[in-house]
Amino acid sequence: MAENHEVERTYRDLGLEAVSSEPVSTEGTRSFAQQMLGFWVTFKTMFKKVNTVEYPDVKEPTAPRFHGRHQLNRHPDGLEKCIGCELCAWACPADAIYVEGESNTEENRMSPGERYGKVYQINYLRCIFCGLCIEACPTRALTMTNEYELADDSRSKLIYEKADLLAPLRDGMLMPPHPMYPDMTDENYYKGDVLGFHPSQEVQQ
Amino acid sequence: MTTAEILSFDPGWLILVKGLLVFIICVVATLVAIWAERRIVARMQMRIGPNRVGPFGLLQSLSDGVKLALKEDLIPAAADKVVFLIAPIISATTCFMAFAVIPMTGPVTLFGHKTAMQLTDIPVGVLYVLAIASVGVYGIILAGWSSGSTYPLLGGLRSSAQVISYEVAMGLSLVAVFIYSGSMSTSEIVAAQQKWWYSVVLFPSFVIYAISMVGETNRAPFDLAEAEGELVGGFHTEYSSLKFALFFLAEYVNIVAVSALATTLFLGGYHALPGLTFTENWLGGWFTIVWFLAKVSAFFFLFVWLRGTLPRLRYDQFMKFGWKVLIPASLFWILIVATMRVMSLRGTSRAGVLGFAVGVVLIVLVGSFLYDASKKRGESESEIEIPAPSFPVPAIPVKDRSVSQSEVTRG
């Protein structure tokens, strides 16, 4: 510890407060017997419970917010949430998303508001599952599921089309195209005022 | 009747049958060994290991072998084709040949003939094993050289240097066994261990052999030759398909062979554990092979345990350990053993021999104590005053300073 005092003295000489420092301590070489303890560690480990998950047979649930395959969501009446704005494609650092928007017409309405995503592709050979697209999406149309079994054997199979990504129709949903809920605007849709389809929407179809 | 005499009555066809049996035992042992190693190492790392092909994954190594055989066989353009083909064959065949002199059972009856599960019993059996192992090195060095590529060449050089170095220590550790048993024939060495195993009587030899056999087989922690991070794959980098499989087979047969030799020379061969000698007569003497295999598997477990526990040595440390520790220790030990042997043969009293042994032990202890003390004194003397720094610096650890200072004085 001699040099420790030395350092403190130096600090004093310089008129500085002694900085509270601990000398670097390197543990010396262990004794032979202590080194041999490693053998006991490996031997003991043989009888411990293994960490392996026997995957194809046993599938453990993922963490709830695991980044899996994407999904394009729908409004409760079945209209698509995607408005074809391409923000997800712009946000994507791996350039994995391709979107082509199209205007909604009265005869062909896929989503509330002006536009919808006509072509929507995600290339899972490029996707890094960072989730920036989900952050970018202004309408919560794009979210990620917990599905992780995405392996496949060809490029074309791994470029998911809009049909592969769209959420299924649930109860109270109608397959678009169909008109918007009567007396509702896209803002109402956005705020969640639409809770299901209206009979008038069905008749029109 | 000694084993050599029993074996001398073997008809030719029986020798062929036994040769085939030895071959089958080696190949099956390899398949089981690869599976067992992967399972055990996996357990040591809290994994399961191969468990999908066959019951408990037992057929994993077989399916791996089939896969290897069906793979494309590449020969690099720069390779020396003839030597490239011969090298794996040398490697594999020599490993099998070493098994010819290993006694696996006591006297047994095979197809109505009284014989022993040992292909042949030559008077210099152990030397034959060492010689065959040395020829096996050619497989490694020729493979490295003929690949016509840098990494295999380096790996081959490393491997052969390693194997040759550790063969010296291995050979020396066996000398004490020869001196004590008065024979180089494997069956007679086994017979000489009826009372006491040589692993007890010649414990230092046993330790040196156990260390050098790991070095000899290029296994972890001495697997510098195939150090994946440094040399890609060592001498067999350019090999593929069946030729690679041959090297793989050779490695494992080699492990089984050195384990079998260790069993023969130090663990009483096919004899039962002390106190269980009555089991040797079970199944008409065939039960002895169970003891033999049990001892060999114990050695194999040691190999796996070492691999699961120790990190790989640095090349210079490894060579230093072989040449500066194992070989001198071996030589010193042989000197003591030889002296004791001569003393007892000349009729010196038990007390005299014992006194000599105790004296040597005392001298070694005192010597090592003095050496340690002088080393400590040297350390304290080398401590010097470093000039007080003119600016504030954090404390320097004591140990590093003395090291750097001793380096300065040496340089």
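The chains referred to below are lettered A, B, ... by the order of the sequence lines, with proteins before strands, and numbering in each begins at 1. Bear in mind that the values here come from a model prediction, so they are computed numbers and not experimental data.
- Taking a 6.0 Å sphere around NZ of A/K44, one finds it holds more than 12 heavy atoms contributed by other residues, nucleotides or ligands.
- To the nearest 0.5 angstrom, A/F47 atom CZ is 8.5 Å from B/M44 atom CE.
- Under a cut-off of 6.0 angstrom, the local environment of CD in A/Q34 is crowded, with over 12 non-hydrogen atoms contributed by other residues, nucleotides or ligands.
- Only the side chain of B/L310 comes within contact range of chain A, judged by heavy atoms closer than 4.5 Å.
- Shown here are the side chain to side chain donor-acceptor pair (under 3.5 Å) partners of B/Q317, two or more places apart in sequence or in another chain: there are none.
- A distance of 13.0 Å separates CZ in B/R39 from CE in A/M46, rounded to the nearest 0.5 Å.
- Within a 6.0 Å radius of OH in A/Y55, more than 12 heavy atoms belonging to other residues, nucleotides or ligands are found.
- Contact check for B/R43 versus A/V50: side-chain heavy atoms found under the 4.5 Å cut-off.
- Of the options A/T42, A/T45, A/V41, a side chain to side chain contact (heavy atoms under 4.5 Å, CB included) to B/T309 is made by A/T42 and by none of the others.
- Counting non-hydrogen atoms of neighbouring residues, nucleotides and ligands closer than 6.0 angstrom, the CZ atom of B/F56 reaches no more than 12 such neighbours.
- Ring geometry, A/F43 versus B/W305: the interplanar angle falls from 30° to 60°, so the pair is classed tilted.
- In A/K157, the NZ atom is crowded: over 12 heavy atoms of neighbouring residues, nucleotides or ligands sit closer than 6.0 Å.
- When heavy atoms are compared at a cutoff of 4.5 Å, A/Q35 does not approach chain B at all.
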